[in-house]
**Q** 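Provided herewith is a single structure, encoded as structure tokens, for subsequent inquiry.
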Amino acid sequence: QVQLVESGGGLVQAGGSLRLSCTASGSIFRFKTVGWYRQAPGKQRELIASIITTGNTNYADSVKGRFTISRDNAKNTVYLQMNSLKPEHTAVYYCNLRLSPVPWGQGTQVTVSS
């Protein structure tokens with residue numbers, strides 16, 4: 001069964017940085033667009049960044065300039081570098097295929113303190 005495992009979250013002060021990782025079992029990321037999503041308390045899950053196979057990226061306006069998505073196809077892993085974090089970035093962060101999503105992983109909690 002396909003599994004997505006997100007990691008790298010934690011508690012960080014405002015202005016700090018975190019690097020999230022998402023590793024897939026098998027090669028499900030190969031030739032696919034992968035997205036990072038987040039779900040803040042009381043809100044719906046939203047797409048914040050995506051990356052296609054060639055490395056081209058797209059970002060939600062709310063994270064543009066602060067977050068950077070990247071991928072290592074050989075490791076079946078996608079990353080999210082998050083800089084200049086703010087309390088409003090507090091959420092559970094998930095990754096998944098942009099089209100034809102597979103079962104969601106547990107996500108990784110990011111908490112930004114003021």
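The structure displayed is predicted, hence computed values, not measured ones.
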**Q** Check this for me: E88, atom CD, are more than 12 non-hydrogen atoms of other residues, nucleotides or ligands nearer than 6.0 Å?
**A**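 It does: E88 CD has more than 12 such atoms within range.
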**Q** With the side chain counted from C-beta on, respond yes when R38 and E46 share a heavy-atom pair under 4.5 Å apart, and no when they do not.
**A**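 Touching, per the 4.5 Å side-chain cut-off.
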**Q** Distance check, rounded to the nearest 0.5 Å: Q13 atom CD versus S114 atom OG?
**A**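 Here the interatomic distance stands at 9.0 Å.
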**Q** Could you verify whether a donor N or O on one side chain and an acceptor N or O on the other, from T77 and T23, lie under 3.5 Å apart?
**A**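 The criterion, which ignores hydrogens and geometry beyond distance, is satisfied for T23 and T77.
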**Q** Would R71 count as a cation-pi partner of Y79, with NZ or CZ less than 6.0 Å from the six-membered ring centre and within 45° of the ring normal?
**A**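 Not flagged: R71 not positioned over aromatic ring of Y79.
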**Q** Pair T90, Q109 - check side-chain contact (heavy atoms from CB on, under 4.5 Å), show working.
**A** CA-CA 8 Å; T90 294; Q109 175 70 49; 4.0 Å; yes
**Q** Side chains of Y94 and R45, heavy atoms from C-beta outward: is any pair under 4.5 Å?
**A**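 Y94 vs R45: side chains touch.
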**Q** How many angstroms lie between CG in N96 and OG in S50, if you round to the nearest 0.5 Å?
**A**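 Reported value, rounded in 0.5 Å steps: 12.5 Å.
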**Q** Calculate, to the nearest 0.5 Å, the distance between atoms CZ and OG belonging to R66 and S84 respectively.
**A**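 It comes to 5.5 Å.
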**Q** Taking the side chain as every heavy atom from C-beta outward, state whether Q81 and S17 have any atom pair closer than 4.5 Å.
**A**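 Yes, close enough: below the 4.5 Å cut-off.
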**Q** Apply the hydrophobic cluster definition, ILVMFWY joined by side-chain contacts under 4.5 Å directly or through others, and give me every member besides F29.
**A**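 Reading the cluster by chain and number, F29 sits alongside V2, L4, V12, L18, L20, I28, V34, W36, I48, I51, Y59, V63, F67, I69, V78, L80, M82, L85, Y93, L97, V102, V110, V112.
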**Q** Counting N and O atoms only, with roles assigned by atom type, does the side chain of N76 sit under 3.5 Å from a partner on the main chain of G26, one being a donor and the other an acceptor?
**A**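 Side chain of N76 to backbone of G26: a pair is present.
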**Q** Quick check on Q106: does its CD atom have over 12 non-hydrogen neighbours (other residues, nucleotides or ligands) under 6.0 Å away?
**A**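 For Q106, atom CD is not crowded (no more than 12 foreign heavy atoms under 6.0 Å).
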**Q** Report the distance from atom CG of N83 to atom CZ of R19, rounding to the nearest 0.5 Å.
**A**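 Those atoms lie 11.5 Å apart.
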**Q** Among Ile, Leu, Val, Met, Phe, Trp and Tyr joined by side-chain contacts under 4.5 Å, find the other residues sharing a cluster with L99 and list them by chain and number.
**A**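 Traced through the cluster, L99 reaches no other member.
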**Q** What's the shortest heavy-atom distance between A14 and P87, and which atoms?
**A**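 In terms of heavy atoms, the two residues are closest at CB-CD, 4.2 Å.
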**Q** A side-chain contact here means heavy atoms from C-beta on lying under 4.5 Å apart; do L47 and R98 qualify?
**A**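 Heavy-atom side-chain distance check passes, below 4.5 Å.
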**Q** Output yes when a side-chain donor or acceptor of T108 lies under 3.5 Å from a complementary backbone atom of G9, and no otherwise.
**A**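 Yes.
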**Q** Quick one: pull up CD in Q39 and CH2 in W104 and give me the separation to the nearest 0.5 Å.
**A**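 Spacing of CD (Q39) from CH2 (W104) equals 9.0 Å.
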